[in-house]
2 protein chains.
Amino acid sequence: MAHRNSSNLQPFLDRLNLRSRLLKEEQEAVLNLPVYAAQVRPNEDHVALGEMTDHATFVVSGVLGRFDQNANGERQITALHIAGDMADLNSVVEPRATSALQALSTTTILQVPHRPIREMTARYPALAEAFWRDCMVDAAVLAQWVVNLGRRSAAARIAHLLCETATRCRQGDDKQALRFDFPLTQAQLADATGLTSIHVNRTLKTLSGTVAVAQKSVDILDWDALAARGDFNRTYLQADIRPSERLRIMAA
Amino acid sequence: MAHRNSSNLQPFLDRLNLRSRLLKEEQEAVLNLPVYAAQVRPNEDHVALGEMTDHATFVVSGVLGRFDQNANGERQITALHIAGDMADLNSVVEPRATSALQALSTTTILQVPHRPIREMTARYPALAEAFWRDCMVDAAVLAQWVVNLGRRSAAARIAHLLCETATRCRQGDDKQALRFDFPLTQAQLADATGLTSIHVNRTLKTLSGTVAVAQKSVDILDWDALAARGDFNRTYLQADIRPSERLRIMAA
DNA sequence: CGACATGTTGAAGGGGATCAATGGTGGTGG
DNA sequence: CCACCACCATTGATCCCCTTCAACATGTCG
């Protein structure tokens with residue numbers, strides 16, 4: 001399944017460069033990380049709850065989700081990871097998984113062993129900082145999901161999720177992605193928004209003027225309307241801060 | 001308001017030691033961090049949304065909360081930080097606040113400037129790792145809140161929150177804290193659980209056999225019943241892994 | 001004592017869940 | 001090429017958990 005590959009972690013480096021200032025040497029270290037390409041099929045655990053992992057998972061294409069569930073077995077998706085995301089960078093520092101990782105559709109990944117990542121962070125504090133920071137952006141997204149589930153109506157929840165995903169798809173670009181791949185079934189959308197698939201179906205109809213959610217992709221017809229409907233404000237994604245304005249970690 | 005203080009960050013070090021292996025030298029560096037003591041009064045922003053901070057906030061006593069809100073102005077609490085927590089350690093790496101920080105009751109804090117923390121992380125990779133790891137535990141808590149809001153009934157949400165807080169109060173101790181300070185109003189409890197204060201009031205009555213929630217503290221009368229009601233499983237808090245079983249970051 | 005926050009209770013309404021079918025659609029194999 | 005099947009979307013009818021609105025009670029602190 002997984003085989004050694006001459007790396008292409010360029011998109012991962014691009015992602016880091018969005019929010020951190022890295023020296024040439026540090027950037028090269030990232031690109032030289034060993035990787036193992038693999039496919040993940042939907043509806044089976046790539047990482048199971050409680051499992052110890054020894055690698056992080058970079059998403060090349062497709063979507064990975066973090067899955068939790070209540071005592072009743074009802075599922076709740078806790079995060080969605082799209083192409084360009086390192087889905088479980090946190091596992092470097094917390095190898096025992098606190099939630100399961102599954103693909104939502106067939107997904108191509110690169111597995112990156114923890115060991116060389118840990119060695120890198122010891123050698124280059126600025127990289128440790130960049131990884132830490134990227135994890136904190138994921139945490140900010142998680143906090144917004146809490147607001148979404150706690151204080152927004154069904155339509156707003158869905159609209160917010162779509163706006164968030166659209167923005168993350170095109171991070172770094174100026175213009176919004178008005179069309180993007182989003183291979184989620186309505187049942188999976190329901191698990192991400194804390195709703196029922198039936199209610200998702202009905203709610204999508206009330207949004208039909210502003211978004212078209214198809215089987216494999218989303219078309220945003222009216223960005224402003226959708227953002228208003230979803231109460232969406234992109235600042236929490238922290239993509240608007242110039243890396244050059246960030247502090248670089250102090251050398252010892 | 002804030003004045004320089006001969007540090008007592010021992011509880012912070014204790015917290016780190018719960019999950020990370022630190023050398024004597026690293027531990028001393030933590031204890032030697034400069035701090036500024038202060039009080040935070042409830043219902044005013046200690047850190048405002050979008051503000052740039054240059055310090056992290058350690059909770060000595062009381063409770064701090066992260067507050068967000070929807071377009072309608074309805075508030076959603078996104079995290080609660082109790083005594084012993086570094087409430088916004090993430091700000092070291094992400095100084096622009098993505099949510100507001102408020103006290104829920106009068107709270108005593110120690111402010112720790114980012115600068116020396118950043119210098120420390122550059123010098124001691126193991127400390128950077130320990131900080132990063134502690135932030136990831138907060139993220140795991142956040143993920144559980146998503147499950148709570150998305151897939152649990154009102155009674156379960158409240159029960160889960162109380163179990164979580166009880167467990168965090170006594171982290172490191174074997175026995176559960178069956179009684180702990182919890183100075184939240186029912187309205188604040190509602191903001192943490194995505195409910196209405198009216199419904200919190202009614203739901204607390206249905207829990208009256210298992211917990212007694214008073215103005216300033218919580219009494220758990222029947223731990224097992226409460227944990228069952230709240231679908232609570234402490235593993236996500238990651239307090240059950242011996243630090244000695246953890247990898248220490250590789251020296252360069 | 002008055003003022004104001006907090007807790008408590010009742011009645012009514014609604015947003016979303018639940019239960020139960022039906023309709024599409026794509027993939028597979030005969 | 002069609003029959004079949006699995007999965008997904010769609011629709012209707014009914015129910016209920018939680019909200020909303022509106023009082024009233026209690027407590028606490030100047």
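All values reported here derive from a predicted model rather than from experimental measurement. Chain A is the first sequence line, chain B the second, and so forth, proteins listed ahead of strands; every chain is numbered from 1.
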_Checking B/D219 now: which residues fulfil salt bridge (Lys or Arg N to Asp or Glu O under 4.0 Å) with it, not counting sequence neighbours?_
B/R179

_Side chain proximity check, A/T235 to B/R96, heavy atoms < 4.5 angstrom_ = no

*Tell me, which of residues 67-78 of chain A have any heavy atom that sits under 4.0 Å from an atom in DNA chain C?*
none

*Tell me which nucleotide among C/dT18, C/dA11, C/dG7 gets nearest to the side chain of B/R202.*
C/dA11

*asked:* Determine whether a donor-acceptor pair (N or O, by modelled atom type, separation under 3.5 Å) exists between the side chain of B/N72 and the backbone of B/E74.
replied: no

*Atom NZ of B/K216 to atom P of D/dG27: distance rounded to whole Å?*
15 Å

*For A/R66, what residues pass the salt bridge (Lys or Arg N to Asp or Glu O under 4.0 Å) criterion, not counting sequence neighbours?*
none

*What is the distance from CG of A/L204 to C1' of D/dA9, rounded to the nearest Å?*
10 Å

*Any side-chain heavy atom of A/E164 sitting closer than 4.5 Å to one from A/N148?*
no

_For C/dT8 and B/N201 - does any side-chain N or O of the residue sit under 4.0 Å from the phosphate oxygens OP1/OP2?_
yes

*asked:* Would you call the rings of A/H160 and A/Y236 parallel, tilted or perpendicular, taking 30° and 60° as the class edges?
replied: parallel

*Should A/V146 and B/D68 count as side-chain neighbours, where that means a heavy-atom distance under 4.5 Å?*
no

_Of A/A155 and B/N43, the one whose closest DNA chain C nucleotide lies more 5'_ = B/N43

*A/K205 side chain N/O closer than 4.0 Å to the phosphate oxygens (OP1, OP2) of D/dA9?*
no

*Measure from CG on B/L104 to C1' on C/dA5 and round the result to the nearest Å.*
15 Å

_Note, A/C169 side chain near A/F182 side chain (heavy atom, < 4.5 Å)_ = no

*Could you give the angle between the helix axes at the two ends of the helix from C/dC1-D/dG30 to C/dG30-D/dC1, with five pairs per end, rounded to 10 degrees?*
40°

*Pick base, sugar-phosphate or nothing for A/S153, based on heavy-atom distances below 4.0 Å to the nucleic acid.*
sugar-phosphate

*Rounded to the Å, how far apart are A/I158 CD1 and C/dG16 C1'?*
12 Å

*asked:* What is the distance, to the nearest angstrom, from the NE2 atom on A/H199 to the P atom on D/dT14?
replied: 19 Å

_Of B/T203, B/D191, B/N201, B/T196, the residue whose pairing with B/Q186 passes side-chain hydrogen bond (donor to acceptor under 3.5 Å, both in side chains)_ = B/N201

_Short of 4.0 Å, heavy atom to strand atom, which residues of residues 182-198 of chain B count as contacting DNA chain C?_
B/T185, B/Q186, B/I198

*In whole angstroms, how far is the P atom of D/dT26 from the CD atom of B/Q215?*
14 Å

*Partners passing side-chain contact (heavy atoms from CB on, under 4.5 Å) against A/A71 (at least two apart in sequence or in another chain)*: B/D231

_Could you go through A/F58 and A/L9, starting from their C-alpha distance and side-chain angles, then the distance that decides it, and tell me whether this counts as side chain to side chain contact (heavy atoms under 4.5 Å, CB included)?_
CA-CA 8 Å; A/F58 178 75; A/L9 284 176; 4.2 Å; yes

